[in-house]
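A short write-up of the structure that comes next.
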Amino acid sequence: MKDEGLHLETSLGYGAHTAKYCVGCVRYRVAAIYYMASPVDILALCAVHAAASGPRVGMGAGPVMTLWSHDRDVMAGPSRIPSLPPEPAACMELSPERREERGKAAEGKSKEAEIKRINKELANIRSKFKGDKALDGYSKKKYVCKLLFIFLLGHDIDFGHMEAVNLLSSNKYTEKQIGYLFISVLVNSNSELIRLINNAIKNDLASRNPTFMCLALHCIANVGSREMAEAFASEIPRILVAGDTMDSVKQSAALCLLRLYKTSPDLVPMGEWTSRVVHLLNDQHMGVVTAAVSLITCLCRKNPDDFKTCVSLAVSRLSRIVSSASTDLQDYTYYFVPAPWLSVKLLRLLQCYPPPEDAAVKGRLVECLETILNKAQEPPKSKKVQHSNAKNAILFEAISLIIHYDSEPNLLVRACNQLGQFLQHRETNLRYLALESMCTLASSEFSHEAVKTHIETVINALKTERDVSVRQRAADLLYAMCDRTNAKQIVSEMLSYLETADYSIREEIVLKVAILAEKYAVDYSWYVDTILNLIRIAGDYVSEEVWYRVIQIVINRDDVQGYAAKTVFEALQAPACHENMVKVGGYILGEFGNLIAGDPRSSPLVQFNLLHSKFHLCSVSTRALLLSTYIKFINLFPETKPTIQDVLRSDSQIRNADVELQQRAVEYLKLSSIASTDVLATVLEEMPPFPERESSILAKLKKKKGPGAVNELEEGKKDQNSEINGGVEATPSTASTPSPSADLLNLRTAPVTGSAAPNAGSLLVDVFSDSPSAASSLAPGTEDNFLSSGSAASEDPALPIAEADELLNKFVCKNNGVLFENQLLQIGVKSEFRQNLGRMYLFYGNKTSVQFQSFTPTLNIQTKPVDPMVEGGAQVQQVLNIECLTDFDDAPLINIKFRYGGTLQNITLKLPITTNKFFQATEMPSQDFFQRWKQLSL
């Protein structure tokens with residue numbers, strides 16, 4: 001029922017009619033509806049079965065045919081025919097072993113007999129087609145039926161195609177029907193017969209015989225190949241909007257065009273028929289309206305302006321259905337619910353557009369939505385599950401439309417209350433859907449408070465639901481409804497649930513708890529306690545982003561550093577301590593262990609011994625971090641120097657098999673031995689605060705859930721008092737970790753150095769390689785466009801964006817990376833500087849599926865233009881040659897303008913060109929360096 005193509009509409013109008021011709025043939029009717037989905041094909045497949053199994057077609061009614069008895073299981077598909085006949089009653093008296101042996105023997109004989117019988121029949125049919133040149137239409141139809149049935153049994157058919165094509169030219173319905181059915185199932189788009197088939201289809205479409213036209217349209221839709229679209233995409237719209245076309249043909253034409261548009265949208269021409277097809281929403285035939293809504297919904301997603309007039313017509317049609325009684329539309333009433341499928345489709349169509357601007361249309365739509373909500377409160381008119389399913393389908397789609405508009409506070413609150421009633425419904429699916437819809441409602445400022453009233457019910461669902469998917473939606477809803485008033489309660493409940501949570505959702509809950517604890521932390525000691533509890537309860541599911549984040553916040557907040565050191569020291573004293581706890585403890589104690597060293601219970605040696613007791617249990621990366629902590633201890637606590645040097649000097653360190661650990665041990669030992677106190681203090685000084693930026697934990701959650709799902713929740717949760725605190729990912733001093741968010745241009749990987757070959761899968765060329773695709777070596781005069789940094793910012797094309805300085809600062813110490821990124825555009829930079837010269841590659845990536853038009857990056861100098869059209873998912877490149885003539889303060893500005901969906905986008909950024917890019921290193925003895933350093937500090 002989910003497919004909006006042929007499967008739904010054709011079965012609605014013809015189900016009862018088909019049943020008359022298919023009494024007892026349950027298996028083939030089910031398979032036909034599922035696979036062919038057209039009433040003609042359903043009848044034909046029943047005819048295939050009748051022709052293949054009846055004695056009049058020549059196959060007889062021997063023992064083999066009992067394999068296809070109607071009394072067996074309903075098959076899952078055309079090829080799933082039970083191969084065992086019913087066992088005789090006498091078998092029930094045999095022992096299990098004997099019964100199994102006889103069953104295997106019977107199965108073997110049955111398969112052999114079936115294959116033998118089919119091969120015999122194929123030989124007979126082949127001889128008939130070759131020998132009897134005057135074979136009449138009925139005989140051709142009969143033998144083609146047999147071939148089709150044999151194919152459905154799972155056997156290959158390599159002949160009979162021409163005979164099936166010949167049946168298409170017959171004037172008899174049954175013969176033409178079997179021919180089209182055979183073509184739809186067995187002929188592929190590469191067949192040599194496709195031209196003959198297309199000619200036959202064109203003749204039937206031009207015949208004006210509605211039955212033949214429907215057969216041809218069904219065949220086009222069932223095949224649905226690009227070749228079919230090329231041949232008939234321009235013809236079918238004409239049939240659809242013609243005034244003399246019968247309703248059944250219009251319905252088939254609309255669904256056939258929908259199929260072709262989904263297969264080959266570029267081949268379906270948009271012309272004057274697009275405005276006429278909208279008026280099919282006013283057609284008197286409900287089947288035509290249902291098919292037209294499916295077609296318009298698909299078309300308007302790509303061309304919304306061409307079909308915007310459908311909104312008023314859809315509202316009018318929806319109003320008539322909603323206000324009608326179950327007796328008004330008897331032919332289209334499903335268990336006392338008038339036209340439920342059409343109602344759902346109309347509500348989905350309206351979600352493709354913003355709220356109507358016409359007050360009368362908007363008022364009528366609001367009235368319809370209120371009526372749907374009122375009917376949901378009425379007592380059911382039937383106890384059948386089909387009645388409640390139909391009512392709820394319309395209700396949930398109406399709520400989705402209310403959420404989409406997000407402009408009617410009364411409707412939003414009513415929708416929330418209605419969903420709240422479903423939270424305790426006995427039907428699991430309804431509880432799931434209610435939780436899912438309330439997640440979106442929680443992001444609306446009008447309904448957020450109403451959602452919060454159900455917090456106890458949601459917490460209970462998180463604890464008691466049997467279905468893990470429902471518990472996951474409950475966790476999502478708690479995350480969505482969280483704010484400063486209930487943050488501690490929700491975080492506490494999620495931590496409590498985490499101890500018994502399913503393994504499949506633990507990582508997601510860990511991320512949610514970490515984000516909420518940070519986002520709504522008023523007391524940062526509570527935040528530290530929460531994260532350490534998180535590591536203790538679910539350490540295996542705490543990703544690096546989580547413990548990086550707690551470290552960076554502790555470093556950025558002076559008021560919590562002592563508490564964090566004390567808390568993590570106590571946590572490390574537990575007998576069983578997770579490795580992530582050791583990482584956090586090693587980092588924090590290495591930076592702030594001096595804040596708790598005054599207590600004898602946490603003296604420097606006690607801290608060192610506590611950390612070193614975990615050393616042998618940890619992985620290589622954690623051991624490397626602990627070695628960095630030890631050298632920091634030597635700087636903080638000189639009295640620990642001999643003890644730590646003994647550890648560094650041990651064979652297990654300086655002769656370690658891991659080169660990283662060995663190198664650290666040797667270097668740290670040498671540093672602690674020869675460096676003076678001043679040198680150690682300078683090299684091992686405290687980590688500076690991290691710059692503020694988006695939480696990496698949120699990026700991790702977006703990656704796990706998908707950007708759309710998280711963005712919907714986050715949009716409604718933003719307020720001036722709830723910004724995420726902290727900065728970039730806190731990384732141990734020995735390594736750096738790239739952001740986990742999506743990267744269209746693949747710029748967040750380690751920069752390419754030397755002349756290494758570029759990655760074949762990367763969208764970026766290697767700027768520094770010697771390959772022909774890369775740029776030539778830097779030298780004055782190799783390009784026509786040189787950028788003079790001294791006068792680059794003399795004329796501002798527009799004011800730079802607010803975060804321009806922050807984006808520029810990221811490139812002070814690096815040359816490659818993502819300069820700017822939003823939902824539409826990603827700008828990557830790759831650059832190289834030598835003396836006073838530089839070359840910069842700018843990569844503009846379109847992150848959407850829609851083309852950028854009039855794309856113009858502008859600098860206030862002469863540059864080579866870029867392609868004004870940037871296709872969806874594509875990238876264009878611009879090269880700048882740079883020469884520094886004198887010192888400068890301001891970075892040059894670049895202005896990017898383009899049109900996306902008809903809207904002009906205007907972005908101004910600062911290019912990452914700073915004075916330090918042109919610095920050259922100077923070697924000097926350490927004594928001279930520190931002398932100059934001290935002079936600078938004065």
Side-chain angles (χ1 to χ4, degrees), residues 442-445 448-456 458-459 462 475-498 509-538 542 545-571 581 584-585 587-588 591-592 595-596 687 689-701 710 713-730:
S443 65
S444 171
E445 59 179 326
H448 183 75
E449 292 299 322
V451 173
K452 284 168 58 179
T453 60
H454 302 284
I455 184 171
E456 296 298 335
V458 179
I459 289 174
L462 183 67
D476 290 343
L477 181 52
L478 285 175
Y479 176 79
M481 70 168 61
C482 187
D483 57 22
R484 292 195 181 278
T485 62
N486 56 17
K488 288 192 175 183
Q489 179 188 3
I490 289 177
V491 168
S492 174
E493 293 293 346
M494 294 179 80
L495 275 175
S496 175
Y497 169 67
L498 191 56
I509 293 179
V510 165
L511 293 174
K512 285 181 166 63
V513 169
I515 291 171
L516 295 178
E518 176 189 343
K519 191 167 189 173
Y520 300 112
V522 178
D523 178 6
Y524 279 94
S525 60
W526 171 75
Y527 169 75
V528 171
D529 289 338
T530 300
I531 299 301
L532 294 183
N533 273 335
L534 203 58
I535 296 174
R536 179 183 59 82
I537 295 171
V542 176
E545 286 79 10
V546 174
W547 72 266
Y548 287 176
R549 192 66 176 165
V550 69
I551 287 172
Q552 75 180 41
I553 288 180
V554 170
I555 289 175
N556 287 11
R557 310 285 169 179
D558 295 338
D559 56 332
V560 79
Q561 290 169 358
Y563 180 81
K566 179 175 180 295
T567 306
V568 78
F569 175 78
E570 294 173 351
M581 187 73 76
V584 175
Y587 204 112
I588 291 179
E591 296 292 333
F592 311 113
L595 299 179
I596 61 171
M687 285 288 292
F690 291 92
E692 301 289 331
R693 61 172 283 185
E694 182 190 24
S695 169
S696 60
I697 309 176
L698 185 58
K700 173 84 171 180
L701 183 61
V710 178
L713 300 181
E714 288 301 316
E715 284 299 322
K717 292 164 70 65
K718 292 179 181 176
D719 56 68
Q720 58 183 359
N721 296 321
S722 62
E723 294 182 358
I724 291 185
N725 308 287
V728 297
E729 299 88 348

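Below, each value reflects all heavy atoms present in this structure, side chains not excepted, and no hydrogens, waters or symmetry copies. Heads up: numbering here begins at 1 and tracks the sequence.
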| L532 and V550: CA distance, side-chain angles, deciding distance, side-chain contact (heavy atoms from CB on, under 4.5 Å) verdict | CA-CA 9 Å; L532 294 183; V550 69; 5.9 Å; no
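Annotation for T530 and A517: closest pair CG2-CB, 3.8 Å, computed over non-hydrogen atoms. Nearest heavy-atom pair, A487 versus C482, reported as atom, atom and distance to 0.1 Å: CA-SG, 3.5 Å. Of all heavy-atom pairs spanning V546 and A514, the tightest one is CG1-CB, 4.1 Å. For the pair Y497 and L462, the tightest heavy-atom approach, listed with the atom from each and the gap, is CE1-O, 3.3 Å. Between A475 and I509 the shortest heavy-atom distance is CB-CG1, 4.4 Å.
We find the CG-CG distance between L534 and L511 to be 9.0 Å, quoted to the nearest 0.5 Å. Considering OH of Y548 and CD1 of I553, their distance stands at 15.5 Å, rounded to 0.5 Å. Within the model, atoms CZ of F569 and CG of L595 stand 13.5 Å from one another, a figure rounded to the nearest 0.5 Å. D529 contributes atom CG, which lies 11.0 Å from atom CZ of R536 (distance to the nearest 0.5 angstrom). In this structure, D483 CG and L516 CG are separated by 10.5 Å, a value rounded to the nearest 0.5 Å. With rounding to the nearest 0.5 Å, the separation of OG in S496 from CD1 in I537 is 8.0 Å.
A 4.5 Å side-chain heavy-atom check between I551 and I555 finds at least one atom pair inside the cut-off. Between V568 and Y587, every side-chain heavy-atom pair lies at or beyond the 4.5 Å cut-off. The shortest side-chain heavy-atom distance between V560 and Y527 does not fall under the 4.5 Å cut-off. Proximity of M481 to V458: side-chain heavy atoms (C-beta onward) are separated by under 4.5 Å at one or more points.
Applying the side chain to side chain contact (heavy atoms under 4.5 Å, CB included) test to I459 and every residue at least two apart in sequence or in another chain returns I455, K463, L478, Q489, E493. Checked against side-chain hydrogen bond (donor to acceptor under 3.5 Å, both in side chains), K566 has the following partners two or more places apart in sequence or in another chain: E570. Remark: D558 engages Q561 in a side-chain hydrogen bond (donor to acceptor under 3.5 Å, both in side chains) (not counting sequence neighbours). A538 pairs by the side chain to side chain contact (heavy atoms under 4.5 Å, CB included) definition with L498, V510, Y541, not counting sequence neighbours. For S525, the side-chain hydrogen bond (donor to acceptor under 3.5 Å, both in side chains) test picks out D523, with sequence neighbours left out.
No donor-acceptor pair closer than 3.5 Å links the side chain of T567 to the backbone N or O of A564. Looking at H448, its side chain never comes within 3.5 Å of a backbone N or O of S443 through a donor-acceptor pair.
Between Y520 and N486, the side chains place no donor N or O within less than 3.5 Å of an acceptor N or O (distance only, hydrogens not considered).
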